[in-house]
There are 2 protein chains.
Amino acid sequence: MPCFFSVFLNAYFTFFMRPSRKTQIIQTAASLFCDKGYNAVSMRNLADELGIRAASLYNHISSKEEILAHVILEVAKSFSRHINQTFPKEDSALQKLENIIVMHVEITIQKTDALACMNNDWMHLDSIHRNRYIQMREDYEDKFRAIILNGMEKGEIEKRDPEIIVFSLLSTLRTLYLWYAKNRDFDENILKEEVAETLLSGIVK
Amino acid sequence: MPCFFSVFLNAYFTFFMRPSRKTQIIQTAASLFCDKGYNAVSMRNLADELGIRAASLYNHISSKEEILAHVILEVAKSFSRHINQTFPKEDSALQKLENIIVMHVEITIQKTDALACMNNDWMHLDSIHRNRYIQMREDYEDKFRAIILNGMEKGEIEKRDPEIIVFSLLSTLRTLYLWYAKNRDFDENILKEEVAETLLSGIVK
DNA sequence: GTCTATAGGTTGATAGAC
DNA sequence: GTCTATCAACCTATAGAC
């Protein structure tokens, strides 16, 4: 028989912590988009998953595209926020890269669905959201490239084609969610170390 | 005024070398699927691109899914064919990996659209084709992993988590088409060398 | 080998009752 | 905040004329 405390906690959760319907819709949509892709998920599919009718969704969101934009731009902002933080001045390029790799692993674990969605479905954003996304991604790549170039100048990183190094590192980090989806019980800290070592030992002199 | 020879050559090309309508349809479809994704391309879009009506497509193909299956399974077979070839016995694990990287770059350059399509739209294959694709991909990964493990045993490759090494290498190779699409004039041979060095120096003792 | 016409179903979204 | 009813547009695919 449940004690008073657990009943209270449950009620508290139900009334104060329960995600809003809008949040539920967005999270459920992200999960479906992740599996089948934006265009293969209908508003009826999404409503079914939530146990309501498709028309009811429009009391919480104004269009299907709005959901996509929310999912993608939220996770894109996470990356922007991190790369725009001021790294400690004394950090080497390598320390910055390690920091960035750790961040990618964390976002991969926390926002797996949204990340998949961003990678696969950004081209289905309407033109305003799409331009905003592309701008953020280009800004991110520029800052990432600057760290690599700086590391090369200081002799911390092998002097090879920086474009290929940037692409090689980012392609692995961006698609890590594919690997993580099949290895959800892998230890987070070991994953951070292993990925950092595999990616970085290659470009370190 | 065109000379007899060029008129002859043109006629020869027109009648004997022109790709069949089916081939045209498949190549055009691959290009559209690559840009927008399978579900965002309608049979009308595809027909428009070819200057005919949607109904006319069905004289050459039996369904939209058949086109997708053809595009994806053809390129999947290219990879299977290569990894199943008998490597020279005296090849080291490293030489085998270099060989595989070169092959990935070549397929990336020759079949950019189909590769994008395979990566993004395989889940829209019908169940029979999808199972065949998944089988081929798993077989490919198994053989790739075996080369890594063999290299570790022989002390050619750093002893780290083989799953993460396999994922890291394949994620870069599989998404190289994204980079290549924006750098089409990059020299093929330099690309092969740079990618191989960036990926391999990291795992070589 | 292409066309027109059309079947039969799904889509995203709205109006208005409760 | 959910429902039913409905719309106009679009989808894949077929039938049959030319």
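Lettering follows sequence order; numbering is per chain, from 1. Quick caveat, the model's predicted, so the values are computed rather than measured.
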Among pairs that include at least one residue of residues 100-123 of chain A, which meet salt bridge (Lys or Arg N to Asp or Glu O under 4.0 Å), considering only residues two or more places apart or in two chains?
-> A:E106-A:K192
A:M43 CE to D:dC3 P, straight-line distance once rounded to whole Å | 14 Å
Answer with base, sugar-phosphate or nothing: what part of the nucleic acid does B:S56 contact at a heavy-atom distance below 4.0 Å?
-> base
Calculate the interatomic distance between A:N45 atom CG and C:dA13 atom C1'; express it in whole Å.
-> 16 Å
Separation of A:R44 atom CZ from D:dT4 atom C1', in whole Å?
-> 12 Å
Below 4.0 angstrom from OP1 or OP2 of C:dT4, is there any side-chain N or O of B:R53?
-> yes
Separation of C:dA13 atom P from A:I52 atom CD1, nearest Å, is 15 Å
Specify the separation, in whole Å, of atom CG of A:D48 and atom P of C:dT11.
-> 10 Å
Does B:R21 have a side-chain nitrogen or oxygen under 4.0 Å from the phosphate oxygens OP1 or OP2 of C:dG1?
-> no
Identify, with sequence neighbours excluded, every residue that meets side-chain hydrogen bond (donor to acceptor under 3.5 Å, both in side chains) alongside B:T23.
-> B:S20
To the nearest angstrom, how far is B:N39 atom CG from D:dC10 atom P?
-> 17 Å
Quick one: is B:S42 getting a side-chain N or O under 4.0 Å of the D:dC10 phosphate, OP1 or OP2?
-> no
Which residues within residues 61-69 of chain B lie with some heavy atom under 4.0 Å of an atom in DNA chain D?
-> B:S63, B:K64
So, does B:E194 use its side chain to make a donor-acceptor pair with the main chain of A:I164 at under 3.5 Å?
-> no
Once you round it to whole Å, what is the distance between P of D:dT12 and NE2 of B:H60?
-> 17 Å
Could I get the full list of side-chain contact (heavy atoms from CB on, under 4.5 Å) partners for A:E65, not counting sequence neighbours?
-> A:Y38, A:S63, A:A69, A:L125, A:D126, A:H129
Residues in side-chain hydrogen bond (donor to acceptor under 3.5 Å, both in side chains) with B:R44, at least two apart?
-> none
Separation of D:dG1 atom C1' from A:K22 atom NZ, nearest Å, is 15 Å
Does B:Y58 have a side-chain nitrogen or oxygen under 4.0 Å from the phosphate oxygens OP1 or OP2 of D:dT14?
-> no
Dot-bracket notation for DNA chain D, counting Watson-Crick and G-U pairs under 3.5 Å, with | for partners on another strand = ||||||||||||||||||
Answer whether the closest heavy-atom distance between the side chains of A:H70 and A:E74 falls below 4.5 Å.
-> yes
Does any non-hydrogen side-chain atom of A:Y177 lie less than 4.5 Å from one of A:I107?
-> no
Indicate yes or no for a side-chain donor-acceptor contact from B:N99 to the backbone of B:Q95 under 3.5 Å, with no hydrogens or angles considered.
-> no
Report the relative orientation of the aromatic rings in A:F79 and A:H104; use parallel for angles under 30°, tilted for 30 to 60°, perpendicular for over 60°.
-> tilted
Using a cut-off of 4.0 Å on non-hydrogen atoms, how would the nucleic acid contact of B:A55 be classed: base, sugar-phosphate, or nothing?
-> base
